[in-house]
Q: 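Shown below is the structure under consideration.
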Amino acid sequence: MMVQGTLTVPGDKSITHRLLLLAALARGTSEIHNPLTSLDARSSGAVLRRLGAEVSPLRSGRAVRVRGSGRFQPPDRDLHCGNSGTTARLLLGVLAAHPFTTTVTGDRSLRRRPMRRITKPLQRMGATVQDEGADGLPVTMTGGSLRAIEYQMPVSSAQLKGSLLLAGLVGEVSVAVREPVGRSRDHTERLLRSFGYAVTDDGEWIRFEPTGRLETFSVVVPGDASSAAFPVGIALLAQGGQLRIAGVGLNPTRTHYLEVLRRMGAVVGIEEGAAQAGEPVGDLIVGPASLQGVEVAAEEIPSLIDEIPMLAVLASRALGTTVFREAGELRVKESDRLGLLASNIRRLGGTAEVSGNDLVIEGTDYRPTGTVRTDGDHRLAMAFAVLGTVPDARVLVDNMGCADVSFPGFRHMLRRLGGRA
Ligand code: S3P
């Protein structure tokens, strides 16, 4: 396949969720331009409407307008977060500071994902929590006035960090958190600073002080750095040409996968433009490359957590061995990504295994052939569809529709570039 031209990817998922929440908490009308309008973003929109915010329909190509009233109203039924872990976890932090009882739930995949990592510190801050005896959803939370917290997090997770910072924001208390290994994405910190809150980072502790004031806003969401990984993968596997992916978020806590790709032998050009929503933004320019296996250390995992599926399928075609060290968090994503990455690479004729919490991939020049089991996981579907662009590959993905969770238009993009979907 030859690649050429310029394309864009949808708005950033993490930033869209956070802006929707903050807009719903501000008093008055905010505008979010270039929002992600995928199923996950719609889950956030829907729960915020239940909590009393007016949220215009999330439609592709349209800005979303959100009218908040300064505080949430008790909802008349359970809050259903669909497949969206970010919606559920950030929301729990906000609800912890609201004096009413709510039940948060989600689809089958989300109900199985760990929530006690969030509810335990929120309980310590003063919220009352009931789950059904298992570490997942539904969770029933009664919020109220909160205490400050200083918390050593058990996992490096932007959803956990963000949830506690938002609890601090609404509850007007100080929050200090420390991540155990590496650094997760810092969108919440950047946004809170933009409202005048003191958020400091001494390289160890991230400290929030309730010094600011939430105001209405109008911002443009950058293209999603994680979604950009898929066309980057297509360009790297192509036989010729060059692709420009325009308007992508370049937050350093999100672009570490580009650094790993460079270590693998890729040449990725970056042309930086003007910042948007307090985030660096620019174009990525990338073409085919022959890749080599690399070692990815445990500290690197949090800053490329969502790009591991794409990196792993590229590694399966690279020369030599690639190891992702201590990638156990992948077991509790939308699917068991660790197990399914290894088993699907093997099903298609490649060589991969899970050893402890490490993902070990032996690159070969195999012709990927077979059916991929996604368990409805959007990033697995997209990563393996990209692998299907290798010449003479015959890759069938069992559920391509789930790409709509984060990347509406993925299949259209793939077909436009000459792939099958
Ligand atoms: C996200 C954080 C990550 C990531 C998810 C979005 C966020 O999860 O996998 O897609 O917006 O905070 P963890 O923080 O749980 O690793």
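In this text, all values refer to a predicted model and were calculated from it rather than measured experimentally. In each ligand, atom 1 is the first atom listed, and ligand 1 is the first ligand listed. No hydrogens, no waters, no symmetry mates; every other heavy atom, side chains included, goes into these values.
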Q: So, 4.0 Å and heavy atoms of K13: is ligand 1 close enough to count as a contact?
A: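 Yes, K13 has heavy atoms under 4.0 Å from ligand 1.
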
Q: What's the shortest distance from atom 1 (C) of ligand 1 to any protein heavy atom, and which residue and atom give it?
A: Q159 NE2, 3.6 Å

Q: Could you name each residue pair satisfying side chain to side chain donor-acceptor pair (under 3.5 Å) that touches residues 121-137, not counting sequence neighbours?
A: R116-D131

Q: Which option wins on minimum heavy-atom distance to atom 16 (O) of ligand 1: K333, E329, K161, R379?
A: K333

Q: Distance alone, cut at 3.5 Å: any donor-acceptor contact between the side chains of E31 and H33?
A: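 Indeed, the side chains of E31 and H33 share at least one donor-acceptor pair under 3.5 Å.
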
Q: Under 3.5 Å, is there a donor-acceptor pair between the side chain of S157 and the main chain of L160?
A: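 Looks like yes, one N/O pair under 3.5 Å.
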
Q: Can you tell which of R89, R18, R185 gets a heavy atom nearest to atom 12 (O) of ligand 1?
A: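 Answer by nearest heavy atom: R18.
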
Q: Tell me the closest heavy-atom pair linking V104 and A88, and the distance in Å.
A: CG1-CB, 4.2 Å

Q: Among all protein heavy atoms in this structure, tell me which lies nearest to atom 15 (O) of ligand 1, with the distance rounded to 0.1 Å.
A: S157 OG, 3.1 Å

Q: Could you tell me whether ligand 1 has any atom less than 4.0 Å away from a heavy atom of H187?
A: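 So H187 does not count as touching ligand 1.
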
Q: Relative to the ring of H98, is the ring of F72 parallel (under 30°), tilted (30 to 60°) or perpendicular (over 60°)?
A: parallel

Q: Could you list the atoms of ligand 1 found under 4.0 angstrom from a heavy atom of S14?
A: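 Once the distances to S14 are compared, the set is 1 (C), 6 (C), 7 (C), 11 (O).
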
Q: Among T188, I305, T86, I301, which residue places a heavy atom closest to atom 6 (C) of ligand 1?
A: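 Going through T188, I305, T86, I301 one by one, T86 has the nearest heavy atom to atom 6 (C) of ligand 1.
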
Q: I'd like to know if the side chain of R113 reaches the main chain of V332, judged simply by a donor and an acceptor atom lying under 3.5 Å from each other, with no hydrogens or angles considered.
A: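 Present.
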
Q: What I want to check is whether the side chains of T188 and K161 have a donor and an acceptor closer together than 3.5 Å.
A: no

Q: Of the listed options (T16, L90, D306, D224), which comes nearest to atom 9 (O) of ligand 1 when hydrogens are ignored and any heavy atom counts?
A: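 Shortest heavy-atom distance from atom 9 (O) of ligand 1: D306.
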
Q: Are any of the heavy atoms in H17 under 4.0 Å away from ligand 1?
A: no

Q: How many angstroms lie between OH in Y197 and CZ in F208, if you round to the nearest 0.5 Å?
A: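 Reported to 0.5 Å precision, the distance equals 5.5 Å.
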
Q: Which residue holds the protein heavy atom closest to atom 14 (O) of ligand 1, what is that atom called, and what is the gap in Å?
A: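 Answer, as residue, atom name and distance: A158 N, 2.7 Å.
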
